[in-house]
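Below, read A as the first sequence line, B as the second, and so on, with proteins coming before strands; counting in each chain starts at 1.
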4 protein chains.
Amino acid sequence: MPVLRSIRERFASERPLDGVAVAACLHVTAETANLVRALAAGGARVALCAANPLSTQDDVAAALAQEGMEVLAVRGEGPERYAGHVEALVAAGPDVTLDDGADLITALHEGGRAGGMLGGTEETTSGLVRLRALDLACPVLAVNEARTERAVNDRYGTGQSALDGILRATNLLLAGRTLVVLGYGYAGQGVAQRARGLGASVIVCEVDPLRALEARMEGFEVMPALRAAERGDVFVTVTGARDVLTSEHFARMRDGAVLANAGHFDVEIALGDLAALARDVREVRPLVRSYDLGDRRLHLLAEGRVVNLAAAEGHPAAVMDVSFATQALAVEALARGGFPRGVHPVPARIDDEVARLKLASLGVEIDTLTPGQQAYLRVWDDPSP
Amino acid sequence: MPVLRSIRERFASERPLDGVAVAACLHVTAETANLVRALAAGGARVALCAANPLSTQDDVAAALAQEGMEVLAVRGEGPERYAGHVEALVAAGPDVTLDDGADLITALHEGGRAGGMLGGTEETTSGLVRLRALDLACPVLAVNEARTERAVNDRYGTGQSALDGILRATNLLLAGRTLVVLGYGYAGQGVAQRARGLGASVIVCEVDPLRALEARMEGFEVMPALRAAERGDVFVTVTGARDVLTSEHFARMRDGAVLANAGHFDVEIALGDLAALARDVREVRPLVRSYDLGDRRLHLLAEGRVVNLAAAEGHPAAVMDVSFATQALAVEALARGGFPRGVHPVPARIDDEVARLKLASLGVEIDTLTPGQQAYLRVWDDPSP
Amino acid sequence: MPVLRSIRERFASERPLDGVAVAACLHVTAETANLVRALAAGGARVALCAANPLSTQDDVAAALAQEGMEVLAVRGEGPERYAGHVEALVAAGPDVTLDDGADLITALHEGGRAGGMLGGTEETTSGLVRLRALDLACPVLAVNEARTERAVNDRYGTGQSALDGILRATNLLLAGRTLVVLGYGYAGQGVAQRARGLGASVIVCEVDPLRALEARMEGFEVMPALRAAERGDVFVTVTGARDVLTSEHFARMRDGAVLANAGHFDVEIALGDLAALARDVREVRPLVRSYDLGDRRLHLLAEGRVVNLAAAEGHPAAVMDVSFATQALAVEALARGGFPRGVHPVPARIDDEVARLKLASLGVEIDTLTPGQQAYLRVWDDPSP
Amino acid sequence: MPVLRSIRERFASERPLDGVAVAACLHVTAETANLVRALAAGGARVALCAANPLSTQDDVAAALAQEGMEVLAVRGEGPERYAGHVEALVAAGPDVTLDDGADLITALHEGGRAGGMLGGTEETTSGLVRLRALDLACPVLAVNEARTERAVNDRYGTGQSALDGILRATNLLLAGRTLVVLGYGYAGQGVAQRARGLGASVIVCEVDPLRALEARMEGFEVMPALRAAERGDVFVTVTGARDVLTSEHFARMRDGAVLANAGHFDVEIALGDLAALARDVREVRPLVRSYDLGDRRLHLLAEGRVVNLAAAEGHPAAVMDVSFATQALAVEALARGGFPRGVHPVPARIDDEVARLKLASLGVEIDTLTPGQQAYLRVWDDPSP
C-alpha cells in the first residue's frame, strides 16, 4: 500500500494529528492496521474497536495493542461485548471518528457527546444513509463518495474482481460468450469493459437514459433485460436496486446460464423466484448452485452475494490503498477544522492529492500548468463540474 | 436529425411556444433551419440573424423567410449591417433568445430590454464567460455544458472527427504509430480511445492528477509532454490551454512528426515558436505545412486551427442533432418560466429527454424502474452527483 | 517510403542487379517511380510501360525517361498504342519482369521468349489466376501473397482505409451504430477491428467455420447475412465472392442503411437487384447514391466499387512501401536464380527482411535468439506452419 | 463438453468405429472419460492405460471398467506396473492408438507391432518430436497442431487462463500496470490481448520480425527484453525457448516486479540466475516466492512452471472440448484408412467440422456459399494457405 505509506511518512515528519484523539470502528485487519498506524504516526492517540467481530484478526489486534493503541476487538465477540467496546470508545470522548457503518458516531450522538467533535469519516453507503437522516452535531466526510475512490474502486476494482470471481467460480472461457451487465454505473462500466477485454460480447441493461446512451456509444448493445435474458450466457447484476432478475427473466434464459451479483446486497437476483421455479437444486462446484428448471439449468454463483468478495479476494490491495489514503487525509482535514455540521463530500484537494500519490506509486509523472497557462485559463475557466 | 424531428413533431401537436417571441443569433445553415423550424412548429414567432456572416447560407435564409420567419442575414454582410440586424431583433423585444457567442443577449442587456425576458440560451464557452461576468437580468441556460451534449459531442464527436481530419489531411496509417494526446478531458478521452481503436499506441499528457490517473487506469501511457515529445509520431492538443507545444517540445520531436490541434482556439500549438525554428516552410499537401528544422521536418495540420473542422466536416449530423435538440428543449423550459436570473445548467430532465430520444433514434429500447425498485432506491438513494 | 529507400541505398552499394534487364508493366505513378529507381540503383537496366493508361502520370514518365530509363507510357493512350508498348518490351528480351495483371509475362510466353528469363513478379490475384493456368516457362513470385504484405496491406491498410472511405463519403458518427462486416479474411478482420475501435457494434458474417469461430472468440456477434440485414446501420462486403448482398437482404434492411464494398470487384453488392427494387435513385452527397425503396432508403457508396480507393485515397504510403519493398527484394531473389518454373510464394527470408526494415522505419528494435536458445529450439522445432 | 457430446451422438448412430480396437495412453480423468465413451459409442473396443499415474482418478477408471472397457490404471502406480500396462496394450495389438507423450505408439514400434495399424494420434509437442525422429510404420495425426485447436486453445485458452493464474496468485490490479509479454505466437497474442483488455499497458518482446511487426501494428509497444525489463510490473514468458529472462534482465527490473511463465516448460525464466542473485527467498503468498535482491524484491509465481495450470485450473472445459473433439474425429479418419506412413496434420475437413460444431454449441449459425458463389470462386480461388 504505497500511497498510504507515503502519507504515513509525511505524517511522521509533520505530525498533523498531534494531540488528536481518534476512535475507529473498522474491520480489524492487516490493511486497517496500516491506516491506524499512519494516524498514530501523525501524532494521534488511536482507539479501535471492530466494525464486524467476524472479520477481526486477533494477531493484528494484539500487534496494534503492543504498539500502544487501545484495541477493543476479539474475533467472534458477542453483541453485548461489542456494545461495551463501542461504549468505551464513546466514553473516552474522541475528537475524530472513523466508521464503517456509522455505529460509533451514532452512539456518540445518542450519548450527546458528538457536539464538541472535530468530525468523523464514514466509509459505507448505508452508513451515510443513516447519518443523512440524523441532525448531525458535527461534520462527517463521505469517504466512499470521493471521486478518486469511485473511479478506482468502482470501475477498475470491481470491474476486475467481479470477473475474477466469476472465473474462479466457474472456470468458464469468456471468449465467444455473451455477458449481460445489468446496471451501467461506475462498477457496471468496469464489468462491461473488462468482459469485453476478455473476449465476451457484452449487452448492457440500464434504466437511466444518459448512461444507456453512453453504453451504446461505447459500442455495447443496449436493450431491455427481458430481451437480454434470451441472449446471455452470463448475467452480472450491479445496479444497487432489487429484483433486477426475476422469474420473468429466468423463464427466458438459456440452458447453462450463469447468474452473478456484483452489487452490495444479495437482493438483485430474486432468489425466491429462482427457488420457486426449480425442481431441484445442487452444488455442482464450490460456490456454484445449479437450479434445475426442468428443461434448463441455471447456475447461481455465491448465493447471489457480491461475487468479487465471495468468490475472489475482493478489492486488490492497490484499490484499498486508495480508500485508506483518502481516510487518512480526511482525518487530517477534519483535524484542521473549519467544516460546518452535516455530511460533506471529501474536499477536491484530497482527491487530487490521492490521485497524485497514486500516480507516483505507479511511477507516473505529469506536468503542471505554467503561470502563463494558469492566467489564460482563469479567463476561460469553466465553472461547471 | 431524427431527435430534433421528433421534438418538432411533438411541438407541432402540443404548441408549447404559442405566442412566444424567439430571437436567434446563430449560424444560418441548413442545420440551424431545422432548429428554428421546430421552434416555429411549437408556435413561436421566430426572428433570426447571423452569428457569423461568413457561414450564412443565403438559400437557407431565403427559404426560412418564405416560411414566414423574419430573417436578417446576408452572406458576407459587413459589421455595420450586422449590428443593424442585431439592433432590429433587440428593438422587437423578444421573450426568448438563442445565442452563439452572446451577442444578442448582451445587446438586449445594454439596451435595457432584458428585464422582462423569459430568458436565453447560449451555445459557446466563450459566450458563457461573457455572460457570467454580467449582472444578468434574466435566466440563461448553458446549453453546451449539458451532460448529454458533453458526452456525445465532446467524447464521441470530437474523438472521431479529429482523427478523421488527421487521416484526410495526411493519409497516414495510424497502426504502428505513437499518438500523443495532450489533454484528457471529454474530447481528449475521445481522441485517445479512437486512436487506440485505429491501432496507434497512445500516450496521454494531462496536468490534472485525477484525469491522469484515469488515463493510466485505462491502459494509456501517461507522462510529461517533454518526454512524450521524443516518442510521438502524431501530436493532438485538446486542452483548452495555450502554449501546450512549444519550442522546447519541437526541439525533441522526431523527423516527420505531425502536429494537430483539436481544441477550440489555435493557441495550443505555439505557432510563433515553430516559425522561429524553421529554416523553410512548405505546403506539402493541402492543409499540411512542413516546417524544415534543419535536421528534421515537422508537419503542422490546418495551421493549428481545430483539425476536425478545418480538415474534415466537423461534427457529424448525429452530434449536431443532440445539440439542437437540447436547444429546442431549453427554449421550451424557458417558456414555462420559473428560472431565477443568472446562468443555469440545463435541467437534468432535458438531458434525460434528449438521451431518451437519441436512443430511440438509434433503435434502442431500455427498461424503467418498477414501483418496487423505486421504493427500494428511495431509501438508498445516493445524493452525490 | 522509408523501407524502399533503405533497400535502394543497399542496392546502390551492393549492385545486385548489375547487368539485369528488367521490364515492368505497372501503374506509372510517383510510388512506382520509387520502385524502379531502386531497381536502377541496384544496376538494372529498366524499361517501363503502363499497366493502365488511365493511371499514368506523364510528369513521372518524363522524369524517369530523363534519368535514363526506357518509358513507354502516355496517359490515355489507346489499346493499339498500349499493345505496341508491351510488344516493344517483349522484343527487348528482358531477364526479369514485373507485372500488375500478367499482361507482359503472358505476352512473353505467347512470343516464345519466356524460356530464358530469370523470372517475373506478379502483384495481383487476377494475374496469378491467369499465370497458374499457363504452362510457365520460368518462375514467377506471387508478391501479393507474401505474408508481410497480406498482414500489413489487407488487415491494417484496408481496415483503416475502408472506414476512412465510409467516413469521408457519409460523415456518419460510427459510435452507437451497428456495422456488419461480410467476410472475415485479413481485410474483413481489419475492418471489423477498426469499426469496433471507432465505437460501432460489429456483426460478422462468414461462411468459413474456422474464421467464423475466430470472429466469435474475438467478441464479435456472428450470424447469417439475412439476420444481420435486419440489424445493421452500415454494411461492408469484403469477401471476394459475388452477390453477397442481394434483394433478399435489401428487403430486410432498415431505413437509412449504408452499403459499401471493400472487396476488389464491384460484384459483391448486387447492384442490379438494388436498381430493380428502387422507385427512385438520387445522388444525395458526392459518392452517396440513395435508393428509394418506397418505405425505406438505402445508401450505396461509390457505386459498389472498392470504397477505400473510390472514396478515400487507397492505401497509405506506409502500406505501399511494404508492397514495393517486397517487389524489389523479389527481383533481387530472381536475379540470383535457382527457382524452378511455376508460381512460387515469396521466400520467407524476404518476408522477414521486409518486416525487419519496416520495424526499423517505425523506430522499433527487437532481440535475436542467443546461440543457446537456437540450439534448444532446434530440438523442439515445430515444423507446422 | 457439448462438441464432444454431439460427436458421440453421431457416432452412436453411425457406428464408424465398429470392430476397431483402440488403445489409449492418456490422463485418466473425467474429461478423458468423455472421449473414450464417444469412441466406444462409435463401436470401438477401447483399452486404456494412464499417461501419467499421478493424474489418474480411480473412480473414473472404475466407472469405465464397469462400462466394459479394459482399464489398466491405478493412481500412483510405480514405473514397473506402468510398463506392464503399456505392454499389455501392445500385446493386444490395437488398430488405432491415442497418445499423450508417444509412449504407447513407441512401444508398439519397438515391439514390431505397428506395421499393421491404421494409425495413431498424438496430443503433445514433445511426443511429436519423438515420433518425427522415428521411421514410422503407420500414420500419426498431429492433433495439437490442428488449426482450430491452436486458435482456440493457444490464443483464447492460454490468453485467459494465464491471466487468471496471475490474478489468483497475486490479486494484483492490472489496470494501470505495465505487463511485458515475451513471445508473440498464438499464446502470446492471447496473453497480450487479454492483458490489454484488463487495463494493462502491454509491451511485447519477440525475435521474429513478422510477428513483432504484427504486434506493433496491433498497437503494442515492441522492444528488446532488456529495455522492457526496466518498464514492466508483470512479466509473462511464452516463447517455447529457454533463458528468456536471465540475470541481465533481473538486474534491471523494478522493485515488486512479478515473473510468470506460460510456456510449456519451466526453463523460460532462468531460475538458477534468480536464486544466485537473491539474498533471501520467502513464500509471501501461496505460489508467490519473493526473491530479495538487496535493493529490490522480485516475485516469482509457481516456481516458473506454467502459471495457468499451476495457479489456476488450466484450460476451461470449452477448450478441452475442442481438443477431444479433434481427437475423436482423428480416430474416425484413421479408421477410414488411406493415410501414408508418417506424421500428418489433421485434415482440414476435421478442423472445419470441429469449428462448425463449436459454433453450434455457442448457438451461432453461419451461411454457406450459394452454387453461384462457389462457381465464381472456383475461378478466383486462391491456393495460398
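Heavy atoms of C:Leu172 lying under 4.5 Å from chain B belong exclusively to its backbone. Contacts of B:Leu174 with chain C are made by both backbone and side-chain atoms, with heavy-atom separations under 4.5 Å. C:Leu163 does not touch chain B: none of its heavy atoms, backbone or side chain, sits under 4.5 Å away.
Note: C:Asp164 CG to B:Leu173 CG = 10.5 Å, rounded to the nearest 0.5 Å.
Annotation for C:Arg168 and B:Asn171: closest pair NH2-OD1, 4.4 Å, computed over non-hydrogen atoms. What you find for C:Leu167 and B:Gln160 is that their closest heavy atoms are CD2-NE2, 3.5 Å.
Sparse packing is recorded around CZ of C:Arg147, with 12 or fewer heavy atoms of other residues, nucleotides or ligands lying under 6.0 Å away.
Your options are B:Arg254, B:Arg177, B:Gln193, B:Arg194, and the one with the most heavy-atom pairs under 4.5 Å with chain C is B:Arg194.
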